[in-house]
Q: 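Shown below is the structure under consideration.
The figures that follow rest on heavy atoms only: side chains count, while hydrogens, waters and symmetry mates do not.
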Amino acid sequence: MGNWNQLNTNTKMKPIAIKAEHISKQYRLGQVGTGTLSHDLNRFWHRVRGKEDPYLRIGEVNDRTTKGGSDYVWSLKDINFEIEQGDAVGIIGRNGAGKSTLLKLLSKVTKPTTGKIYTNGRIASLLEVGTGFHPEMTGRENVFLNGAILGMTRKEITRKFDEIVDFSGVEKYIDTPVKRYSSGMYVRLAFAVAAHLESEVLIVDEVLAVGDLEFQKKCLGKMGDVSSGEGRTVLFVSHNMASIKQLCNKGIFLDKGTLNYEGNIERCVELYSNSNSFEGNSLMDYVKTKSPSLLIDDIQINGSAQTSLFIPNDANEINISIKGQIKEPMHFDVESLFFNNYDTPFAFYSPSHYGGITQKFEPGEFSLERTITLPNDINKGSMYMSLTLCDPGKTTFMELTSKIKVEFEGVPMKNGWVFMIDNAGMLYLK
């Protein structure tokens with residue numbers, strides 16, 4: 001970490017809480033540490049002669065979907081940004097984009113391979129479920145232990161203990177060893193401790209997804225109070241774009257270890273959503289069959305075989321048609337899921353077969369058609385649709401996962417997304 005006093009001469013109205021200058025993080029694949037003794041000796045010999053680490057000149061972009069030819073990978077590469085005090089910053093990107101690595105660098109869990117990070121004030125971080133908890137100790141003991149790890153004094157923890165326990169909602173189990181806690185109870189108590197530390201910066205990874213909806217809403221409210229009410233800085237990683245847009249005023253979009261965009265949260269989410277688009281491609285390009293006895297010949301949605309779909313205001317149905325061939329008798333039906341972004345929690349689903357009722361198909365050609373009825377007041381915007389042919393709870397025969405971009409003309413979103421259930425039992429976000 002750098003010397004903060006060197007940076008605090010800026011003329012901005014708001015002081016800088018965090019500044020990253022050309023930070024990169026390199027890992028060696030398949031090994032712990034630098035890997036081999038020969039590599040360590042090579043590094044040492046270059047360092048003695050005042051030369052650059054030879055392995056910094058190699059390495060590949062962090063693309064988890066392709067097999068590379070190098071033993072080294074750049075989890076992050078040349079990242080630069082500034083975060084002002086009081087900002088709520090959402091860090092978004094696909095799995096493997098480098099989000100958690102960035103938070104570990106900012107939390108001082110690990111050091112950057114190159115570059116410097118300047119921070120102003122104490123940092124409280126919640127990167128994994130149960131961070132800093134000892135499984136054999138009770139919840140009460142772990143509050144004091146975790147608080148001490150985060151930098152709280154015993155007097156400060158004692159003063160805030162009742163407030164922490166009340167926020168966590170696990171008072172009944174506070175004197176029970178945490179090894180008997182569920183993952184949700186773990187994260188409740190851990191977040192409660194981190195949120196009540198009087199730190200200048202609060203860093204939260206996507207561990208909140210472990211909690212139930214009530215607790216997620218409670219945590220978002222607390223982080224909003226911390227940011228806007230107390231003027232503290234919040235860094236929040238989540239795949240839930242609704243939560244990101246609700247809480248954050250700025251965003252950082254990471255893609256394959258590089259900084260794609262930093263700035264307005266609305267624009268950041270828009271760029272992320274567009275990066276996951278498969279518009280113009282054929283649905284058949286993404287079909288994955290799970291059974292050798294099944295062959296899919298054609299899939300159409302509202303009469304189109306393309307991956308992009310537009311739903312005007314006056315349309316309240318989506319028609320699905322699947323044709324193919326089977327070699328043996330099968331029972332299956334269509335399950336359709338809608339996501340409010342490519343890899344985020346679902347926005348709503350069509351439970352056409354959740355009663356355990358499926359259609360039996362005999363060997364030969366088959367044709368299956370289903371209609372999804374949409375909520376009348378669905379919001380304007382885009383979602384990603386998945387289709388599955390399956391026998392519920394038993395076998396999945398075909399998947400078409402999140403490759404269909406559905407654009408709703410809809411009504412403008414006013415007060416954010418709220419979970420609703422309509423009369424047909426359809427869960428959606430309003």
Side-chain angles (χ1 to χ4, degrees), residues 1-4 7 15-27 62 74-77 79-93 95-134 142-143 145-153 156-157 186-187 189-210 219 222-223 226-227 230 232-239 244 247-248 250-254 257 259 262:
M1 296 292 175
N3 182 359
W4 175 257
L7 295 178
I16 298 173
I18 298 175
K19 181 174 181 177
E21 288 185 343
H22 305 289
I23 61 170
S24 300
K25 184 64 178 178
Q26 186 186 68
Y27 288 105
N62 183 24
W74 289 100
S75 183
L76 292 173
K77 186 68 173 177
I79 304 294
N80 295 275
F81 61 83
E82 289 185 2
I83 298 174
E84 295 179 344
Q85 183 178 319
D87 281 345
V89 182
I91 302 176
I92 61 178
N95 293 330
K99 304 185 298 298
S100 295
T101 300
L102 177 60
L103 294 193
K104 288 177 181 178
L105 294 178
L106 298 178
S107 302
K108 305 180 185 180
V109 172
T110 185
K111 292 183 178 180
T113 305
T114 63
K116 289 185 178 181
I117 299 174
Y118 300 87
T119 59
N120 187 9
R122 284 198 298 180
I123 296 177
S125 59
L126 185 58
L127 304 180
E128 296 178 4
V129 176
T131 301
F133 276 26
H134 192 294
N142 271 296
V143 168
L145 173 64
N146 202 20
I149 292 174
L150 291 173
M152 299 170 72
T153 65
E156 185 180 0
I157 300 171
Y186 251 100
V187 77
L189 196 57
F191 180 85
V193 176
H196 286 82
L197 169 64
E198 294 176 355
S199 61
E200 282 71 35
V201 180
L202 175 62
I203 297 177
V204 182
D205 206 340
E206 49 196 338
V207 293
L208 295 186
V210 177
C219 291
K222 180 63 176 178
M223 286 191 287
V226 165
S227 175
E230 303 174 22
R232 291 150 64 188
T233 307
V234 175
L235 274 66
F236 181 41
V237 168
S238 176
H239 287 287
I244 288 283
L247 173 68
C248 304
K250 293 184 178 180
I252 292 176
F253 172 26
L254 296 178
L259 180 62
E262 177 201 1

Q: Using atom types as modelled and distance alone, determine if a side-chain donor or acceptor of Lys19 lies under 3.5 Å from a backbone N or O of Phe81.
A: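 A pair under 3.5 Å: no.
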Q: Looking at OG of Ser238 and CD1 of Ile244, how far apart are the two atoms once the value is rounded to the nearest 0.5 Å?
A: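 Output value for this atom pair is 5.0 Å.
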Q: To the nearest 0.5 angstrom, please state how far the CD atom of Glu21 sits from the CD atom of Glu82.
A: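 Atom-to-atom, Glu21:CD and Glu82:CD are 8.0 Å apart.
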Q: What distance separates Ile91 CD1 from Phe253 CZ, expressed to the nearest 0.5 Å?
A: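 Taking CD1 in Ile91 and CZ in Phe253, the distance rounds to 13.0 Å.
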Q: When you compare the side chain of Ile18 with that of Leu235, does any pair of heavy atoms fall below 4.5 Å?
A: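 In contact.
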Q: Ala124 and Ala194: which non-hydrogen atoms are nearest, and at how many Å?
A: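 For Ala124 and Ala194, the tightest heavy-atom pair comes out as CB-O, 3.8 Å.
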Q: Side chains of Ile16 and Asn120: closer than 4.5 Å at any heavy-atom pair?
A: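 No, side chains not in contact.
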Q: Could you tell me the separation between the NZ atom of Lys25 and the NZ atom of Lys77, rounded to the nearest 0.5 Å?
A: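 Between Lys25 NZ and Lys77 NZ, I get 13.5 Å after rounding to 0.5 Å.
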Q: If you measure from NE2 on His134 to CG on Asn142, what distance do you get to the nearest 0.5 Å?
A: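 If we round to the nearest 0.5 Å, His134:NE2 and Asn142:CG are 8.5 Å apart.
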Q: Tell me every residue that passes side-chain hydrogen bond (donor to acceptor under 3.5 Å, both in side chains) with Lys99, counting only those two or more places apart in sequence or in another chain.
A: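 Checked Lys99 against side-chain hydrogen bond (donor to acceptor under 3.5 Å, both in side chains); zero matches.
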Q: Check Ile157 against Met152 and note the closest heavy-atom contact, atom names and distance.
A: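 In this case the closest contact between Ile157 and Met152 is CG1-CB, 3.7 Å.
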Q: What pair of heavy atoms forms the shortest contact from Phe133 to Asn146, and how long is it?
A: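 Nearest pair, atom of Phe133 first, then Asn146: CE1-ND2, 3.1 Å.
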Q: Using modelled atom types and a 3.5 Å cut-off, is there a donor and acceptor pairing between side-chain atoms of Thr113 and backbone atoms of Gln26?
A: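 Checking the backbone N and O of Gln26 against the side chain of Thr113, a donor-acceptor pair under 3.5 Å is found.
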Q: With sequence neighbours left out, write down each residue that passes side-chain contact (heavy atoms from CB on, under 4.5 Å) with Ile123, or none if nothing qualifies.
A: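 If we apply the side-chain contact (heavy atoms from CB on, under 4.5 Å) test to Ile123, skipping adjacent residues, the hits are Thr119, Val201, Ile203.
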Q: For Ser107 and Ser125, work out which heavy atoms get closest and say how close.
A: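 In this case the closest contact between Ser107 and Ser125 is OG-CB, 3.3 Å.
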Q: Quick one: list whatever passes side-chain hydrogen bond (donor to acceptor under 3.5 Å, both in side chains) with Thr101, sequence neighbours left out.
A: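 If we apply the side-chain hydrogen bond (donor to acceptor under 3.5 Å, both in side chains) test to Thr101, skipping adjacent residues, the hits are Ser75.
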Q: Can you check whether Gly86's main-chain N or O pairs, donor with acceptor, with Thr233's side chain at less than 3.5 Å?
A: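 Judged by distance alone, yes, a pair lies under 3.5 Å.
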Q: Dump the intermediate steps for side-chain contact (heavy atoms from CB on, under 4.5 Å) on Leu105 and Thr110, then the final yes or no.
A: CA-CA 5 Å; Leu105 294 178; Thr110 185; 3.5 Å; yes
Q: State, with a plain yes or no, whether a side-chain heavy atom of Ile92 is found less than 4.5 Å away from one of Leu254.
A: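 In short, these two side chains do not touch, never coming nearer than 4.5 Å.
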Q: Out of curiosity, Leu202 CG to Phe191 CZ, how far, rounded to the nearest 0.5 Å?
A: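 Leu202 CG to Phe191 CZ: 6.0 Å, rounded to 0.5 Å.
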Q: Report the residues that fulfil side-chain contact (heavy atoms from CB on, under 4.5 Å) with Glu200, sequence neighbours left out, ordered by chain and then residue number.
A: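 Testing Glu200 for side-chain contact (heavy atoms from CB on, under 4.5 Å), a comparison that skips the adjacent residues, returns Arg122.
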Q: Please enumerate all residues that pass side-chain hydrogen bond (donor to acceptor under 3.5 Å, both in side chains) together with Lys250, with sequence neighbours excluded.
A: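 Partners of Lys250 by the side-chain hydrogen bond (donor to acceptor under 3.5 Å, both in side chains) criterion, ordered by chain and then number, come out as Asp87.
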